[in-house]
Amino acid sequence: MLVFHVGIPNFIKSPDDQTGIYGGVASFICQATGDPKPLITWMKKGKKVNSPRFEVKEFDDKSGSVLRIQPLRTNRDEAIYECTATNSAGEISAPAKLIVLEEDQIPAGFPNIDMGPQLKVVERTNTATMLCAASGNPDPEIFWFKDMLPVDISSSNGRIKQLRSGEVVFSTYSYLLNIWGKFNHIY
């Protein structure tokens, strides 16, 4: 007798509402578990997202994906986006709202990136530090992305550290070679 284990999808990380600036970037993260592993899809107004400005990047372990919208357009992109996780046991969905502000609508204290990361070249035995300075009221929280995916500092075995200032430190050259890619940060 064969026994199959099935588990309905469950969100590990559901997308958060965001406010962005016209011409900027929005990245929504969605991650789910289930047995079998659920398929993640992104919807806007009931239809699967489809635009050259919309890019979906799947996590390496296939547990989720990132929906990145760039450049943001006020009337076209303001909407409720929905992440859906589906497997043979069921389906769950989570909405996230995107608001896009024009330059003259930006409120006082809105987060601003004062200094973004720069390309780094380091010697084999040195550490690399990438800087990101952001201001706002309240103080913005800084998140790092590599090749559109969030950098998971907690699973780096101490090889990546994020300082309170928002700087990120890579401690070994060999690890740096493995993770080097296009780095972005979001506040």
Side-chain angles (χ1 to χ4, degrees), residues 7-113 116-117 132 134 136-155 162 166 181-187:
I8 61 172
N10 187 37
F11 284 119
I12 298 168
K13 170 82 177 99
S14 56
D16 295 320
D17 293 346
Q18 291 189 41
T19 301
I21 299 172
Y22 181 89
V25 178
S27 292
F28 293 100
I29 302 169
C30 187
Q31 195 172 12
T33 61
D35 188 14
K37 193 171 283 197
L39 173 68
I40 304 290
T41 55
W42 290 94
M43 310 287 275
K44 175 186 173 191
K45 297 180 181 174
K47 296 181 181 175
K48 192 172 179 179
V49 295
N50 183 17
S51 166
R53 295 179 307 102
F54 290 46
E55 193 171 352
V56 176
K57 176 80 173 192
E58 194 171 47
F59 287 17
D60 292 338
D61 67 0
K62 310 282 190 239
S63 67
S65 66
V66 174
L67 168 63
R68 180 181 167 108
I69 307 168
Q70 179 183 19
L72 292 175
R73 299 291 180 245
T74 308
N75 295 334
R76 290 169 47 188
D77 296 335
E78 276 196 340
I80 302 292
Y81 293 84
E82 192 170 45
C83 169
T84 302
T86 308
N87 69 9
S88 58
E91 178 178 294
I92 56 171
S93 295
K97 183 177 183 179
L98 175 61
I99 297 171
V100 181
L101 302 175
E102 297 285 344
E103 199 70 34
D104 62 350
Q105 297 174 309
I106 299 171
F110 193 82
N112 183 57
I113 296 175
C132 175
N137 188 10
D139 288 336
E141 188 174 354
I142 297 172
F143 299 93
W144 287 86
F145 288 76
K146 181 211 169 259
D147 296 331
M148 286 184 39
L149 296 176
V151 175
D152 185 1
I153 294 168
S154 65
S155 69
Q162 184 166 352
K182 183 178 178 184
F183 272 90
N184 293 358
H185 54 286
I186 193 166
Y187 46 88

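All figures in this text were calculated on a predicted structure; none of them were measured in a lab. Computed from heavy atoms alone, side chains included, the values below leave out hydrogens, waters and symmetry copies.
- Note that CD1 of I106 is 3.5 Å distant from CD1 of I21, once rounded to the nearest 0.5 Å.
- Residue F110 comes nearest to L101 through the heavy atom pair CE1-CD1, 4.1 Å, listed as atom of the first residue, atom of the second, then distance.
- Other residues, nucleotides and ligands contribute more than 12 heavy atoms inside 6.0 Å of the CG atom of D61.
- When atom types are taken as modelled, the side chain of R68 and the backbone of S27 share no donor-acceptor pair closer than 3.5 angstrom.
- When all heavy atoms are compared, the tightest approach of M43 to G46 is CE-O, 3.3 Å.
- Formation of a donor-acceptor pair under 3.5 Å by the E103 side chain with backbone atoms of Y22 is not found in this model.
- Closest approach of A96 to D17, counting heavy atoms only: CA-OD1, 3.3 Å.
- Among all heavy-atom pairs drawn from A79 and K45, the shortest one is CB-CE, 4.3 Å.
- Once rounded to the nearest 0.5 Å, the distance linking CD1 of I69 with CZ of R76 reads 11.5 Å.
- In this structure, CZ in F28 is found 11.5 Å from OG in S14, a value given to the nearest 0.5 Å.
- Take E78 and apply the side-chain hydrogen bond (donor to acceptor under 3.5 Å, both in side chains) test, not counting sequence neighbours, and it matches no residue.
- Atom-to-atom distance recorded for L98:CG and Y81:OH is 5.5 Å, nearest 0.5 angstrom.
- Contact record, A134 with P140: CB-CG, 3.8 Å, taken as the closest heavy-atom pair.
- Applying the ring-ring contact (aromatic ring centres under 6.0 Å, His included) test to residues at least two apart or on different chains, none of the pairs has a partner in residues 29-49.
- Minimum interatomic distance between I40 and G64 (heavy atoms only, all atoms of both residues): CG1-CA, 3.8 Å.
- Note: R53 CZ to R73 CZ = 6.0 Å, rounded to the nearest 0.5 Å.
- Checked options I12, I8, N87; the residue passing with T33 is I12 (criterion: side-chain contact (heavy atoms from CB on, under 4.5 Å)).
- Every residue meeting the side-chain hydrogen bond (donor to acceptor under 3.5 Å, both in side chains) condition with D16, not counting sequence neighbours, appears here in chain and number order: K13.
- In this structure, the separation between NZ on K44 and CG on D77 is 5.5 Å, given to the nearest 0.5 Å.
- For the residue pair E102/T74, the side-chain donor-acceptor check at 3.5 Å is satisfied.
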